[in-house]
Amino acid sequence: MAALQLDKAYDPKAVETRWSREWLSRGYFHASPEQPGQPYSIVIPPPNVTGSLHVGHALNHSLQDILIRWRRMQGRNTLWLPGTDHAGIATQNVVEKQLMADGLSRESLGRERFVDRVWQWKSTSGNTIVNQQKQLGESCDWDRLRFTMDEGLSKAVLEVFVRLYEDGLIYRGERLINWCPRCLTALSDIEVEHEDVKGKLYYLCYPLADDPNTSLIVATTRPETMLGDTAVAVHPDDPRYRHLIGKKVRLPLTTRDIPIVGDSILVDLEFGTGAVKITPAHDFNDFEAGERHKLNRIRILDTYAKMRNETELGLATKALPDIARALAGLPTQKTRTKIEQLLSEHGALKNVEDHKMALGKCYRCKTVVEPYLSIQWFVKIKPLAEPAIEAVEDGRIRIIPNSWTNNYMGWMRDIKDWCISRQIWWGHQIPAWYCEQCNGGFLRSTHDNRPLIDLDVKPIVAKSKPEKCPQCGTIDLTQDPDVLDTWFSSALWPFSTLGWPERTPELKTYYPTSVLVTGLDILFFWVARMIMMGLKFMGDVPFKDVYIHALVRDAEGQKMSKSKGNVIDPLHVMNQFGTDALRFTLASMASPGRDIKLAEERIEGYRNFANKIWNAARFALMYLDGPRTVLPPVQRTLPDRWILSRLAHTIRTVTAELESYRFDRAATVLYQFIWHEYCDWYLELIKPVLQTPEHPDGGSTRHTLVETLETTMRLLHPFMPFITEEIWQTIPHHGDSIVVQNYPIPDQAWPAPDAEQHFSLLEQTVGLVRTGRVLLNYPPGQQIPFHVGHDDLNRQNQLHQLQRHLAHLNRGTAEVSPPRDWPSERLLRLVTEGLSVGIAVVEDVDLKKAIERLTRQIAETDKELQRVDGKLKNVEFVSKAPPEVIAEHQERVQTLSRDCALLAHSEQQLRAMLAA
RNA sequence: GGGCGGAUAGCUCAGUUGGAAGAGCGCUGCCCUUACAAGGCAGAGGUCACAGGUUCAAUCCCUGUUCCGCCUACCA
């Protein structure tokens with residue numbers, strides 16, 4: 001028997017392993033430009049090559065897979081292009097940690113060997129995430145797996161760099177940049193995370209040079225940088241200080257006098273004392289103020305953000321000898337404490353207050369970043385940003401949900417030049433060379449021996465190393481030691497992965513891609529830059545839609561992190577509850593604009609859903625022996641017509657929701673349909689037919705059963721690929737795999753409003769009888785006689801037609817007759833909206849519950865009646881509300897009052913019985 | 001400081017041409033009824049954050065307030 005083919009409970013593991021292998025071996029996911037169908041393409045946001053799948057990936061990838069599987073079934077020429085990112089700083093940090101465990105360092109290895117070591121690590125751990133993705137059922141074209149440091153992609157990077165340089169959009173400059181003193185590299189502005197912290201505001205006394213008894217009080221949050229001060233600013237309109245502009249103050253702890261300048265940009269009259277110290281080498285605002293007033297920049301910190309050595313410090317700042325000695329080599333926090341003490345001893349510390357401030361931290365290692373003066377490479381971004389703004393403005397790119405468009409616009413309009421050089425080793429080395437010969441030799445950095453190349457040294461920018469210096473002809477050229485920001489290569493991802501700069505058929509077919517699915521956190525890092533680069537180098541947007549999904553948090557709404565120990569491991573839950581359950585959970589929770597608080601119970605709930613589906617299929621298989629005959633829908637039974645109508649509705653809704661990226665609503669609709677319509681009602685309704693041998697409706701019912709189940713499996717497949725494939729293969733079907741079947745479209749003959757209306761009467765009636773059964777404490781298995789009737793003659797007739805279904809679903813015998821003809825004795829009557837049911841009351845039944853229920857319902861009905869009637873008595877309402885609303889209210893009053901009367905009558909009878 | 005989002009059942013969340021408040025989980029009661037106890041049936045549980053306004057009518061539109069998130073920012 002067919003039924004024996006399926007176990008009683010669904011066991012996902014075996015099924016998933018089998019199908020994920022099978023799909024791959026059959027090449028269903030392989031894309032080719034020659035394939036028919038309108039192209040539909042997605043490039044995956046490349047995860048870190050050495051990473052492993054976390055629940056954020058699971059969400060991101062599940063949504064993309066739903067879209068891809070759906071479009072594939074719709075007959076589109078689909079490509080889902082997978083890949084991984086070299087993740088410069090992050091990966092380098094990981095490998096450095098490994099080295100440290102072995103007592104090594106990257107410096108001790110040297111650049112070449114270190115980079116080899118990273119490649120080695122990539123080759124051992126690089127497949128982890130890819131294998132996990134396959135386990136999740138991701139239908140990527142794995143033959144096209146790309147890596148940002150592949151030969152082809154690296155070629156694209158060089159091409160882009162050189163062209164941007166030639167267009168004057170890449171330049172080298174000396175600027176204050178964000179520096180991570182732990183990673184020892186520059187960061188771009190957005191690689192700095194801001195965190196609010198409780199800091200202190202220090203009030204320092206700077207005595208006037210020509211009048212030491214008078215002091216200017218400056219307020220600062222960073223007293224430890226005071227040795228680097230080169231001026232004090234006041235507001236030019238400030239009557240308190242106006243007269244001091246042009247004079248000098250003696251910088252405490254030093255022998256240096258610094259000028260008082262007037263600066264209306266830097267100084268806020270309201271804040272602090274209205275006087276600000278200016279430290280151009282260690283603060284972004286001060287840097288700009290320094291430019292305005294042509295001030296010196298005195299660097300007091302080294303690359304580790306420690307105070308420089310005694311000699312340097314003394315020379316640069318003219319600090320008193322014992323001061324320089326006391327501070328040399330101290331890290332920031334210790335410097336602050338120490339300098340607070342020293343200032344205090346010198347009578348230069350006026351006051352300290354608590355103060356809330358924002359602290360910048362490295363997004364990779366959370367170390368406090370320092371503004372740091374250095375020579376870096378930058379992308380001049382405005383000329384690239386403008387077309388990228390237009391593309392969103394004029395709708396060539398749609399951001400979904402739309403609410404993020406403003407964020408994007410705001411950021412793009414206010415964008416600053418992008419610092420793209422990183423002082424690390426893992427990444428695309430900058431294709432710029434310098435002639436040491438022409439420039440009189442380069443100094444080398446102490447910690448990693450990198451050449452220090454002054455700003456006036458002219459770089460030779462080319463895709464490959466120039467054979468010789470065009471000036472002096474030497475072949476001994478030095479390549480810029482820096483590598484490019486990881487996000488530089490990511491920015492090219494939508495076209496570099498398709499073969500650019502070659503003009504490949506893939507580019508022609510699949511670019512622009514259809515949609516980019518990503519989290520909000522990389523909107524600026526990645527999405528904005530892809531748009532800029534796509535427009536610049538492809539002359540077209542990289543994608544038409546950007547769908548931004550939520551962040552996955554834990555059940556308490558906390559961000560998941562290893563240190564908090566609240567991480568939900570997708571592989572663990574896939575193992576525990578099944579991959580389909582996880583995928584469905586994530587889809588169902590992907591509401592726009594709200595973060596996902598993921599709890600395991602939720603996943604368990606959808607595991608149960610999978611089991612429900614499994615058992616529905618078992619049920620179907622159990623009763624499928626026998627002929628199946630195809631009748632036009634109108635000739636089929638009420639349950640068949642009803643379920644087809646509901647199925648048509650579900651197909652329409654799911655498709656529409658997917659079109660608008662409402663995965664949550666699509667999932668809910670599927671869940672409701674399958675569980676509460678298909679299983680709860682349809683399968684129950686057809687049991688009598690299936691269980692009666694030679695039933696006249698048997699053939700058609702069996703056909704409808706298969707037809708609806710098979711269609712439902714296809715409809716659900718993008719969400720739950722494994723279980724649907726397994727079931728689909730087991731039930732009658734045509735074709736090799738559900739993966740390549742057509743996505744359902746509703747048959748025009750399916751919608752049947754009359755059947756739906758008929759059914760809702762059935763549902764209402766069954767509900768009422770069941771309520772009565774519970775009120776009278778009749779066990780579910782006990783057969784009971786009951787009456788049903790309706791005020792409305794039409795409905796009364798429909799009840800007649802429903803008699804068999806009513807009897808079956810209520811486990812009893814149904815007598816359909818007008819309520820007034822029913823016996824008045826020993827009968828519990830329940831009434832709602834004109835529908836009455838009556839259930840015989842046997843001798844020893846406790847009537848209290850039933851009476852309570854009636855009393856309560858009467859009260860509720862009466863309250864509602866008063867409310868609606870009140871509205872109708874309101875002259876304004878009657879004169880101003882639309883007629884159909886008024887008619888509805890009037891009808892409702894009638895129904896409610898009739899119900900009320902009948903209920904009251906029933907209550908009376910029961911009370912009489914109780915008394916007797 | 002600016003901007004955005006949220007506040008609906010015990011919990012997590014849906015809910016648009018304004019016109020009788022929904023789901024899942026949890027809870028209560030009765031049932032191992034031959035697809036499924038990972039289940040069935042029935043139920044309890046909401047002045048839709050607060051205060052105003054518009055309207056015949058507001059969870060929904062407008063204004064303000066409070067609380068919570070996020071993004072962003074140079075207030076030392």
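Each chain gets a letter, A, B and so on, in the order its sequence line appears, and its residues count up from 1. The figures that follow rest on heavy atoms only: side chains count, while hydrogens, waters and symmetry mates do not. Here the structure is a predicted model, which means the values were calculated and not measured.
- Taking every side-chain heavy atom of A:Pro780 into account, B:C30 is the closest of B:C56, B:C30, B:A35.
- At a threshold of 4.0 angstrom between heavy atoms, the contacts of A:His808 with the nucleic acid are absent.
- In this structure, A:Asp680 reaches the sugar-phosphate backbone alone: every heavy-atom distance under 4.0 Å involves primed, P, OP1 or OP2 atoms, never a base.
- No side-chain N or O of A:His808 forms a donor-acceptor pair with one of A:Lys687 less than 3.5 Å apart.
- In the set B:A38, B:C41, B:A76, the nucleotide with an atom closest to the side chain of A:Arg770 is B:C41.
- Phosphate contact (OP1/OP2 of B:G43, side-chain N/O of A:Arg853, threshold under 4.0 Å): present.
- Position along RNA chain B of the nearest nucleotide to A:Lys597 versus A:Phe271 favours A:Lys597 as the more 5'-ward residue.
- Nucleotide B:G69 has B:C4 as its partner under the Watson-Crick or G-U criteria, with both atom distances under 3.5 Å.
- The phosphate of B:A38 (OP1 or OP2) has no side-chain N or O of A:Tyr10 nearer than 4.0 angstrom.
- Backbone-only engagement by A:Asn874 is indicated by non-hydrogen atom pairs under 4.0 Å involving sugar-phosphate atoms exclusively.
- Note on A:Pro779: nothing from the nucleic acid sits closer than 4.0 angstrom, heavy atoms only.
- At a threshold of 4.0 angstrom between heavy atoms, the contacts of A:Glu684 include nucleobase atoms, whether or not backbone atoms are also involved.
- Considering only side-chain N and O atoms, A:Lys687 lies under 4.0 angstrom from the phosphate OP1 or OP2 of B:A35.
- Atom-to-atom distance recorded for A:Leu216:CG and A:Cys205:SG is 9.5 Å, nearest 0.5 angstrom.
- Rounding to whole angstrom units, CG of residue A:Asp869 and C1' of B:A57 are separated by 16 Å.
- Here A:Ser591 reaches the OP1 or OP2 of B:A14: one of its side-chain N or O atoms lies under 4.0 Å away.
- Looking at heavy-atom distances under 4.0 Å, A:Thr221 makes contact with sugar-phosphate atoms alone, never a base.
- The one candidate from A:Val842, A:Ile784, A:Leu828 that meets the side chain to side chain contact (heavy atoms under 4.5 Å, CB included) condition with A:Leu776 is A:Leu828.
- For B:A14, its base never sits under 3.5 Å from the side chain of A:Gln672 at any donor and acceptor pair.
- If you check every strand for non-hydrogen atoms under 4.0 Å, A:Asn407 touches sugar and phosphate atoms only.
- A:Thr668 comes within contact range of no nucleotide atom at all, as no heavy-atom separation falls under 4.0 Å.
- Distance check, rounded to the nearest 0.5 Å: NE2 of A:His194 to NZ of A:Lys361 gives 12.0 Å.
- Here the separation of B:A58 from B:G18, taken at their C1' atoms, is 6 Å to the nearest Å.
- Side-chain nitrogen and oxygen atoms of A:His355 include at least one within less than 4.0 Å of the OP1 or OP2 phosphate oxygen of B:A76.
- Counting any heavy atom pair closer than 4.0 Å across all strands shown, A:Val267 reaches a base atom.
- Regarding A:Lys612, its NZ atom lies at a distance of 12 Å from the P atom of B:G24, rounded to whole Å.
- Taking the centre of each ring, A:Phe609 and A:Tyr671 come in below the 6.0 Å mark.
- Distances shorter than 4.0 Å separate some side-chain N or O of A:Arg665 from OP1 or OP2 on B:G15.
- In terms of phosphate contacts, A:Lys8 brings no side-chain nitrogen or oxygen within less than 4.0 Å of OP1 or OP2 of B:G39.
- In the set B:A73, B:C25, B:A76, B:A76 carries the atom at the smallest distance from any side-chain atom of A:Met357.
- Here OH of A:Tyr206 is found 15.0 Å from NZ of A:Lys350. Values are rounded to the nearest 0.5 Å.
- At a threshold of 4.0 angstrom between heavy atoms, the contacts of A:Phe609 with the nucleic acid are absent.
- For A:Glu833 and A:Leu775, each mapped to the nucleotide of RNA chain B holding its nearest heavy atom, the one lying further toward the 5' end belongs to A:Glu833.
- Dashed line: the shortest gap from a side-chain N or O of A:Arg607 to OP1 or OP2 of B:G24 is not under 4.0 Å.
- Residues A:Glu677 and A:Tyr682 bring no donor and acceptor atom of their side chains to less than 3.5 Å of each other.
- Between A:Thr273 and B:A76 there is no side-chain polar atom (N or O) within less than 4.0 angstrom of OP1 or OP2.
- Comparing atom distances between the A:Leu683 side chain and each of B:U12, B:A35, B:U33 picks out B:A35 as nearest.
- Remark: A:Glu288 CD to A:Asp263 CG distance equals 10.5 Å, nearest 0.5 Å.
- Across all strands shown, B:C61 forms a Watson-Crick or G-U wobble pair with B:G53, both key distances being under 3.5 Å.
- For A:Trp681 and B:G40, the shortest distance from a side-chain N or O to OP1 or OP2 is not below 4.0 Å.
- Using a 4.0 Å heavy-atom distance criterion, A:Ile278 is classed as making no nucleic acid contact.
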Can A:Phe525 and A:Tyr363 be said to form a ring-ring contact (aromatic ring centres under 6.0 Å, His included), step by step?
CA-CA 12 Å; A:Phe525 279 107; A:Tyr363 81 137; 5.3 Å; yes

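- When the side-chain nitrogen and oxygen atoms of A:Asn615 are compared with OP1 and OP2 of B:G39, none of them lie within a distance under 4.0 Å.
- Scanning residues 222-232 of chain A for heavy-atom distances under 4.0 Å to RNA chain B yields an empty list.
- Outside the 6.0 Å centre-distance limit, the rings of A:Phe287 and A:His293 are not counted as a close aromatic pair.
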